[in-house]
Asks: 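Take this structure, written in structure tokens, and hold onto it; I'll ask about it next.
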Amino acid sequence: MSAPVPAATAKKGRAGTPRQPSRKKFELSRRTRKLTLAIHVVTSVGWVGLSLSMAVLAIMGYTTDDAAVAKGVYYAMYVFDDTSVTVFSVTAAITGILLSCGTKWGLLLHWWIIVKWVITLFMTIFAWFVIHPIVMTATERTADVGDGPPDPGWAADFLLWSVPVLFALLTVAAVVSVYKPWGRTARGRSAQPGRR
């Protein structure tokens, strides 16, 4: 004969069946949250700064008639893009996910977070698969021009407008992070206490 189930553990659902215990939500500790936030802010701001530097270099590469300057400009863009931009963008994205999932904000509960993620995802894919190969093309085309005029070709035209646009998008993401506009999503509203 089995022992009776204590009343405290015999919580029933609507149909009278035992309810499964709710899963504990992932949450960052206070110290981990502060460290993650610090890394996120530093890498995000660093990414904005690098993006501005890349935009200035793209404008210089387009406007210069000096072969040596063009060679140095596009090589600098290549170095930034191949090292710092990659590290900062990936770190900012990972820490952003951790902060969204491990704090009260949630990943899909607020429109400002979703907008930030759309911008971040677009920029990361565009930078890796479009900007990086074009920077390499401009670098190769200006590497051995000698004393003649620089000729980065169509790559310079593309970088002239695309890199400043990426900087503008990063700036928008930074402003959205500060103002947190647009309120909660439908999922976020249903997750509020007393809204079930």
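Heavy atoms only: backbone and side chains are in, while hydrogens, waters and symmetry mates are out. Residue indices begin at 1 and follow the sequence shown.
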Asks: Does S177 offer a backbone N or O that forms a donor-acceptor pair with the side chain of K180 under 3.5 Å?
Replies: yes
Asks: Not counting sequence neighbours, which residues clear side-chain contact (heavy atoms from CB on, under 4.5 Å) with L121? List them please.
Replies: I125
Asks: Any idea which heavy atoms bring D157 and W161 closest together, and the distance?
Replies: O-CD1, 3.2 Å
Asks: Return yes when atom CH2 of W111 has more than 12 non-hydrogen atoms of other residues, nucleotides or ligands closer than 6.0 Å, and no otherwise.
Replies: no
Asks: Can you spot which of L107, L108, L109 makes a side chain to side chain contact (heavy atoms under 4.5 Å, CB included) with S100?
Replies: L107
Asks: Please check this pair: side chain of R33 against backbone of L28, looking for a donor-acceptor N/O pair closer than 3.5 Å.
Replies: no
Asks: Same hydrophobic cluster for L166 and V48, using side-chain heavy-atom links shorter than 4.5 Å among ILVMFWY?
Replies: yes
Asks: Side chain to side chain contact (heavy atoms under 4.5 Å, CB included) for I134 and W154? Distances and angles first, verdict last.
Replies: CA-CA 9 Å; I134 293 174; W154 63 270; 3.8 Å; yes
Asks: So, does R141 use its side chain to make a donor-acceptor pair with the main chain of D151 at under 3.5 Å?
Replies: yes
Asks: Restricting to side-chain hydrogen bond (donor to acceptor under 3.5 Å, both in side chains), what partner residues turn up for T83, sequence neighbours left out?
Replies: none
Asks: Please collect all side chain to side chain donor-acceptor pair (under 3.5 Å) contacts where either partner lies in residues 46-68, sequence neighbours excluded, each pair once.
Replies: none
Asks: In a table with atom names and distances, give each donor-acceptor pair under 3.5 Å that connects a side chain of residues 85-95 to protein atoms at least two apart or in another chain.
Replies:
residue: T86; atom: OG1; partner: D81; partner atom: O; Å: 3.1
residue: S89; atom: OG; partner: V85; partner atom: O; Å: 2.8
residue: S89; atom: OG; partner: T86; partner atom: O; Å: 3.1
residue: T91; atom: OG1; partner: V87; partner atom: O; Å: 2.7
residue: T95; atom: OG1; partner: H40; partner atom: ND1; Å: 3.0
residue: T95; atom: OG1; partner: T91; partner atom: O; Å: 2.8
residue: T95; atom: OG1; partner: A92; partner atom: O; Å: 3.1

Asks: Output the rest of the hydrophobic cluster of V175: all Ile, Leu, Val, Met, Phe, Trp and Tyr residues reachable through side-chain heavy-atom contacts under 4.5 Å, sorted by chain and number.
Replies: V178, Y179
Asks: What distance do L98 atom CG and I39 atom CD1 have between them, rounded to the nearest 0.5 Å?
Replies: 9.5 Å
Asks: Can you tell me if CZ on F126 sees more than 12 non-hydrogen neighbours from other groups inside 6.0 Å?
Replies: yes
Asks: I need the I119 CD1 to I114 CD1 distance, nearest 0.5 Å.
Replies: 12.5 Å
Asks: Atom CG in L35, atom CZ in R31: separation rounded to 0.5 Å?
Replies: 10.0 Å
Asks: Give the minimum heavy-atom separation between T139 and Y74, together with the two atoms involved.
Replies: OG1-O, 3.0 Å
Asks: Do L52 and V135 belong together in a cluster built from hydrophobic side chains that touch within less than 4.5 Å?
Replies: yes
Asks: Look at the side chain of H110 and the backbone N and O of W105, then say whether any donor-acceptor pair between them is shorter than 3.5 Å.
Replies: yes
Asks: Could you measure the distance from the CG atom of L50 to the CZ atom of F167? Nearest 0.5 Å is fine.
Replies: 11.5 Å
Asks: Is there a side-chain contact between L57 and F80 (heavy atoms, below 4.5 Å)?
Replies: yes
Asks: Under the side-chain hydrogen bond (donor to acceptor under 3.5 Å, both in side chains) rule, collect the residues that match up with T32, sequence neighbours excluded.
Replies: S29
Asks: V163 and A55: which non-hydrogen atoms are nearest, and at how many Å?
Replies: CG1-N, 3.3 Å
Asks: Report yes or no: do V130 and Y78 belong to one cluster of Ile/Leu/Val/Met/Phe/Trp/Tyr joined by side chain heavy-atom distances under 4.5 Å?
Replies: yes
Asks: Honestly curious: do M77 and L160 fall in one hydrophobic cluster under the side-chain, below-4.5 Å linking rule?
Replies: no
Asks: What's the spacing between M54 CE and I59 CD1 if we round to 0.5 Å?
Replies: 12.5 Å
Asks: Do M136 and V79 sit in the same hydrophobic cluster, where Ile, Leu, Val, Met, Phe, Trp and Tyr count as joined when their side-chain heavy atoms come under 4.5 Å apart?
Replies: yes
Asks: To the nearest 0.5 Å, tell me how far I113 CD1 sits from T185 OG1.
Replies: 9.0 Å
Asks: Check whether any side-chain N or O of S44 sits under 3.5 Å from a backbone N or O of V41 as a donor-acceptor pair, and report yes or no.
Replies: no
Asks: Search all heavy atoms of L159 against all heavy atoms of P164 and return the closest pair with its distance.
Replies: O-CD, 3.6 Å
Asks: Which atom pair, heavy atoms only, marks the closest approach of S162 to I131?
Replies: OG-CD1, 3.3 Å
